[in-house]
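Report on the structure given below.
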Amino acid sequence: MEFTFSNKRWLTEEEVKADVKYDQMNAVGFHIPGAFDKVLAIDECWLQDDISNRIRNAVRDYAYEHEFSFYNIRQQEGLLRNLMIRTSSTGELMVLLQCRVEGENDINQVNKLLGFVADKFPEITSLLYVVNNKCNDTINDLDVVVFKGNDHIFEEMEGLKFKIGPKSFYQTNSEQAYELYKVARNFAGLTGNELVYDLYTGTGTIANFVSGKAAKVIGIEYVPEAIEDAKVNSEINGIKNTLFYAGDMKDILTQEFINEHGRPDVIITDPPRAGMHDDVINTILFAEPKRIVYVSCNPATQARDLSLLDAKYSVKAIQPVDMFPHTHHVENVVLLEKR
Ligand SMILES: C[S@@+](CC[C@H](N)C(=O)[O-])C[C@H]1O[C@@H](n2cnc3c(N)ncnc32)[C@H](O)[C@@H]1O
């Protein structure tokens, strides 16, 4: 989960009706849809283990007590920006604090806060921070600093271990991720002889998950650190039939790449919410795999991409997976077969 700090607290309808007044309007919680600068204060989030609530609320209370400033996204000012908490099935726990730091005093404050968190929550195995003075919240281009513990956590699935760094994507719901990957693997219909491409592989989770049923799997992903983790994940699991490449999909997955590495029998693709770039779709159409398994967290962009793939592929099966309980979001898996 990622919680946002803001000095523009969103007041609920009940609070407005009851004319509730707060001393200050700081909040840590979730963005309000349609209001990028407003945040709904969260006391209890039911989507994650309760340790997450205790950590977030302790950070918030410490920040209030020591009068830390909360971020103002319009003015681009304030110290505390974002708190990412990753729990895992292995019991390992990652906490990453994102701050805007103007000088030495700010960095001292951050160190004191993290010292407090480290003492109060010895169960945190990876306590990290990142200084982000940019306008946007992405940290891929920034240096993450280890305050205490490791720079990664491990997840586990079907006896496989997965190393996950702070910049690496990992499905937010580990238990349902296992269900999702089983659907994707079934749809892929592997017999052990196939060359599989796993597009948008993240830390190589799907690539490694299906590798036992394929001849070879090639994973491609944008974030270099995730690709390094993907390689480590193959190594620590004794998997020898995977290859990983880092870069923008449209630049890596080209006709030359296909000619060099071979035409895939199956492509598994799991793009971000924006879906696939037109160039990527055209290269997939050029590659002509027998089957495409399209995993998506955004059915709207998935539908758009399916209509482009319709030039050569028909939809054979659809299976949504509830990865985000208590929300309207689903992860949708579609099997396409070449006509
Ligand atoms: C929905 S995640 C899928 C990750 C992985 N399949 C999994 O299940 O853990 C999408 C991934 O695409 C990567 N990504 C986003 N844009 C990309 C691009 N233009 N080229 C390559 N990878 C990209 C992200 O970094 C992220 O790891």
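In each ligand, atom 1 is the first atom listed, and ligand 1 is the first ligand listed. Just so you know, these numbers come straight off a predicted model, no measurement behind them.
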Please write down residue, atom name and distance for the protein heavy atom closest to atom 20 (N) of ligand 1. M249 N, 2.9 Å

Under 30°, 30 to 60°, or over 60°: which ring-plane class applies to H329 and F324, parallel, tilted or perpendicular? perpendicular

Under 30°, 30 to 60°, or over 60°: which ring-plane class applies to H66 and Y62, parallel, tilted or perpendicular? parallel

Below 6.0 angstrom between ring centroids: does that apply to Y294 and F187? no

Option set Y245, F169, Y181, Y200, criterion heavy-atom distance to atom 12 (O) of ligand 1, minimum: Y200

Among I227, D248, D270, V223, which one puts a heavy atom closest to atom 1 (C) of ligand 1? D270

Residue-ligand contact G247/ligand 1, heavy atom below 4.0 Å: yes

Test: K167 and D229 ion pair at under 4.0 Å: no

Using a 4.0 Å heavy-atom threshold (strictly under), name the region of T201 that reaches ligand 1: side chain, backbone, both or neither. backbone

Quick test: of every protein heavy atom, which one is nearest to atom 16 (N) of ligand 1, and how far off is it to 0.1 Å? P272 CG, 3.7 Å

May I ask whether P271 places a heavy atom under 4.0 Å from ligand 1? yes

Passing option when E331 is tested against N173, D270, V183, N298 for side chain to side chain contact (heavy atoms under 4.5 Å, CB included): D270

Between the candidates K167, E221, E331, which shows the shortest non-hydrogen contact distance to atom 25 (O) of ligand 1? E221

Determine, for F286 and R263, whether the Lys NZ or Arg CZ falls below 6.0 Å from the six-membered ring centre while staying within 45 degrees of the axis. yes

Atoms in ligand 1 flagged as close to Q171, the criterion being non-hydrogen separation under 4.0 Å: 7 (C), 8 (O)

Heavy-atom gap C297 to ligand 1 smaller than 4.0 Å: no

Can you tell me if NZ on K112 sees more than 12 non-hydrogen neighbours from other groups inside 6.0 Å? no

Look at atom 17 (C) of ligand 1 and say which protein heavy atom is nearest, naming residue and atom and giving the distance to 0.1 Å. Y222 CB, 3.7 Å

What atoms of ligand 1 come closer than 4.0 angstrom to any heavy atom of T205? 9 (O)

I'd like to know if R339 pairs up with D310 as an ion pair, taking the criterion as any Lys NZ or Arg NE/NH1/NH2 lying under 4.0 Å from an Asp or Glu carboxylate oxygen. yes

